[in-house]
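The figures that follow rest on heavy atoms only: side chains count, while hydrogens, waters and symmetry mates do not.
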Amino acid sequence: MWWIKNVQVVDPAQSFSGNYDVLIGEGRIIELKKSMTAEEVREKLGESSTWEEIDATGKYLFPGLIDVHTHLREPGREDKEDIASGSQAAVRGGFTTILAMPNTTPVLDQKALIEYVVNQGKKVGLAKVHPIAAMTKGQDGKELVEMVELAAAGAVGFSDDGRGVQSAEMMRLALEYAKLTRCPVVSHCEDESLAHHGVMHRGFVSTHLGLRGIPSSSESVMVARDLLLAEEGGGKLHLAHISAKESVALIRDAKKRGVDVTAEVNPHHLIFTDEAIAETPYATSYKVNPPLRTEADRQALIEGLLDGTIDMLATDHAPHTWEEKANPFDEAPFGISGLETALAAVWQHLVVPGVLPVETLIQAWSMNPAQRFQLTGGSIKPGAVADLVLFDPEYAETITADSLATKGKNTPFLGQKLQGLPVKVWVEGRLWER
């Protein structure tokens, strides 16, 4: 049991933030009150109870962060990441729940594989791991998976992430059948005929560097298609890793029309632009899909997050081996390992300068994901499961390959000092501390 004293609580789900004392015991939040006394704590916990007092002056207490877009690579590519290393990386970054994407080897398109991921997550016992099942068998875009069966096995959504569903009719059917499960369909919006095997955003920088470009339209065309399909059929749509200003405008208009859609943005798209690839020539740590785009896109994404057009932050944690990322830019795989650095990076680059209110940060990384994907957590309400993050805005750490728990060292923050990190994390009342 813990008595956290004098901590700045931020809980958008209860529409408040302020200085409180918080009691944790038996895996749940027992009390949330201003300036408790030892007598009140003893009364709440019982005369014979013992507890640890934590003076959290100057620190924040957040509901546990929920990452709706994580690649754990297991089964099949445990050389890149496994559920144990990914879960350790998650709690180090403040994430108490992570949603595992299905583009593993083999693809998560069968009941036994969904159950395997669920059971492995429980066995590790760190962050809670919920699988997102494939939308189509083998992620080939030709035949739907058995959605009801996979949802019953533990899947919380359906996606062919890594490959956009190119057939509009297949996407329409997915949105229709997923309604039987109440799970969202997560769309990787990429028209492959427009992306045309590009490796970075198509624009001045790609031309200057002589690299094949991916136009914004490869994303926004698919965003428009999927919004229209969801509007027509009433499906529950979630749009992954939005990166283009045109996409933000389309989502904003669709929400005004009442389309049941949510969207996420990755920290790297809020912090970097394609100029980073020119400033650090051909650095593959900046190679992501969708690609880093322009400053105008970055500003539109921030505006969308602030006005609620974009509902969630998500890491799109995509670990790769050192050898893979050491390849030339054209040949290296897409992806950034983000679980351990995402919160600190957003805090340092957006919250501290006053661009992003801390309440919006927690709403987008805890409350909204919990509500959309029907997960426990997202609030510090008494009686709720104790998924919590004690965050120290002054704590700083230099990011090194040795300091990262993830097997994937492919982060643009390698060698940089980040300030503002979780120091204690509770997952269902189990404590991890830095």
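- Atom CE of M36 sits about 12.0 Å away from atom CD1 of I4, to the nearest 0.5 Å.
- Atom-to-atom distance recorded for I24:CD1 and I30:CD1 is 8.5 Å, nearest 0.5 angstrom.
- Pairing each heavy atom of P102 with each of A134, the nearest pair is CB-N, 3.5 Å.
- Not one N or O on the side chain of T398 forms a donor-acceptor pair closer than 3.5 Å with the backbone of K417.
- Side-chain contact between L72 and I98: present, with at least one pair of heavy atoms (C-beta onward) separated by less than 4.5 Å.
- Residues P290 and I214 are not in side-chain contact: their nearest non-hydrogen atoms beyond the backbone lie 4.5 Å or more apart.
- Formation of a donor-acceptor pair under 3.5 Å by the D67 side chain with backbone atoms of T315 is found in this model.
- The closest side-chain donor-acceptor pair between T309 and D307 falls under 3.5 angstrom.
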- request: Output, in order, the C-alpha distance, side-chain angles, deciding distance and verdict of side chain to side chain contact (heavy atoms under 4.5 Å, CB included) for L339 and T406.
  value: CA-CA 8 Å; L339 282 172; T406 177; over 6 Å; no

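- Across all their heavy atoms, V118 and P131 have their closest contact at CG2-CD, 3.6 Å.
- Side-chain N or O atoms of R434 include one that pairs as donor or acceptor with a backbone N or O of P422 at under 3.5 Å.
- Side chain of E74 to backbone of I83: a donor-acceptor contact under 3.5 angstrom is found.
- Remark: H238 NE2 to I132 CD1 distance equals 7.5 Å, nearest 0.5 Å.
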(request) Decide side chain to side chain contact (heavy atoms under 4.5 Å, CB included) for K325 and S285; before the verdict, give the C-alpha distance in whole Å, the side-chain angles of both, and the deciding distance to 0.1 Å. (result) CA-CA 7 Å; K325 275 293 194 177; S285 58; 5.9 Å; no

(request) Show the numbers, then the answer: is there a salt bridge (Lys or Arg N to Asp or Glu O under 4.0 Å) between D191 and R225? (result) CA-CA 10 Å; D191 185 314; R225 182 201 73 174; over 6 Å; no

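- In this structure, the side chain of S337 engages the main chain of G408 through a donor-acceptor pair within 3.5 Å.
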| query | Should W365 and F62 be marked as a ring pair (Phe, Tyr, Trp, His ring centres under 6.0 Å) after you check the CA-CA gap, both sets of side-chain angles, and the distance that decides it? | reply | CA-CA 10 Å; W365 237 337; F62 303 145; over 10 Å; no

**Request:** List the steps, then state whether side chain to side chain contact (heavy atoms under 4.5 Å, CB included) holds for E279 with Y286.
**Result:** CA-CA 11 Å; E279 293 166 3; Y286 294 102; over 6 Å; no

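- By the neighbour-count criterion of 12 heavy atoms within 6.0 Å, atom CZ of F204 is sparsely surrounded, having that number or fewer from other residues, nucleotides or ligands.
- No side-chain heavy atom of S187 sits less than 4.5 Å from a side-chain heavy atom of M222.
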List the steps and the verdict of side chain to side chain donor-acceptor pair (under 3.5 Å) for Q299 and E295. CA-CA 6 Å; Q299 291 298 332; E295 178 63 16; 2.7 Å; yes

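- Side-chain atoms of D387 come within 3.5 Å of backbone N or O of E428 as a donor-acceptor pair.
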If you apply the rule salt bridge (Lys or Arg N to Asp or Glu O under 4.0 Å), what do you find for R28 with E26, and how did you get there? CA-CA 6 Å; R28 296 197 171 268; E26 298 180 352; over 6 Å; no

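- Here the closest heavy-atom approach between residue K287 and residue F329 is recorded as NZ-O, 2.8 Å.
- At least one side-chain heavy atom of R293 sits under 4.5 Å from a side-chain heavy atom of S216.
- Within a 6.0 Å radius of CZ in R182, other residues, nucleotides and ligands contribute 12 heavy atoms or fewer.
- S85 contributes no side-chain N or O that, together with a main-chain N or O of E81, makes up a donor-acceptor pair within less than 3.5 Å.
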Passes side chain to side chain donor-acceptor pair (under 3.5 Å), N266 versus H241? Steps please. CA-CA 6 Å; N266 303 150; H241 44 51; 5.5 Å; no

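- Side-chain contact between I29 and L388 is present, with at least one heavy-atom pair separated by less than 4.5 Å.
- Shortest non-hydrogen contact noted between N410 and A318 is ND2-O, 3.0 Å.
- Looking at H71 and D316, their side chains come closer than 4.5 Å, going by heavy atoms from C-beta outward.
- Using modelled atom types, no side-chain atom of S218 and backbone atom of A195 make a donor-acceptor pair closer than 3.5 Å.
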Margin query: Under the criterion side chain to side chain contact (heavy atoms under 4.5 Å, CB included), I'd like the reasoning laid out for H269 against L292: C-alpha separation, chi angles, the key distance, then a yes or no.
Written below: CA-CA 6 Å; H269 290 117; L292 302 176; 4.0 Å; yes

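- Pairs passing the salt bridge (charged side-chain N to carboxylate O under 4.0 Å, His left out) check and including a residue from residues 364-378, sequence neighbours excluded, read D260-R372.
- Partner of E324 under the salt bridge (Lys or Arg N to Asp or Glu O under 4.0 Å) criterion, out of K409, K80, R73, K407: K80 alone.
- Of the possible polar contacts, one joining the E219 side chain to the S243 backbone as a donor-acceptor pair under 3.5 Å is found.
- To the nearest 0.5 Å, the span separating CG on L250 from SG on C189 amounts to 10.0 Å.
- Pairing each heavy atom of K179 with each of G233, the nearest pair is NZ-O, 2.6 Å.
- The CD1 atom of I310 sits 7.0 Å away from the CG atom of L270 when rounded to the nearest 0.5 Å.
- F413 has its ring centre less than 6.0 Å from the ring centre of F272.
- For R92 and E397, the salt-bridge test passes: some basic side-chain N is under 4.0 Å from an acidic carboxylate O.
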*List the steps and the verdict of salt bridge (Lys or Arg N to Asp or Glu O under 4.0 Å) for D311 and K255.*
CA-CA 11 Å; D311 309 83; K255 286 191 170 189; 2.7 Å; yes

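- Expressed to the nearest 0.5 Å, how far OG1 of T57 lies from CG of N19 amounts to 7.5 Å.
- Residues L361 and L343 have side chains in contact (heavy-atom distance under 4.5 Å, counting atoms from C-beta outward).
- What you find for K59 and P393 is that their closest heavy atoms are CA-CD, 4.2 Å.
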- Would you please test H69 and D161 for side chain to side chain donor-acceptor pair (under 3.5 Å) and show each step? CA-CA 9 Å; H69 199 139; D161 186 63; 3.0 Å; yes

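- Crowding of E43 atom CD: a count of heavy atoms from other residues, nucleotides or ligands under 6.0 Å not exceeding 12.
- The shortest side-chain heavy-atom distance between L23 and W51 does not fall under the 4.5 Å cut-off.
- Side chain of H317 to main chain of G338: a donor-acceptor pair is present (N/O by atom type, distance under 3.5 Å, no hydrogens or angles).
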- request: Go through E52 and W2 one step at a time and tell me if the side chain to side chain donor-acceptor pair (under 3.5 Å) criterion holds.
  value: CA-CA 5 Å; E52 178 185 345; W2 294 270; 3.2 Å; yes

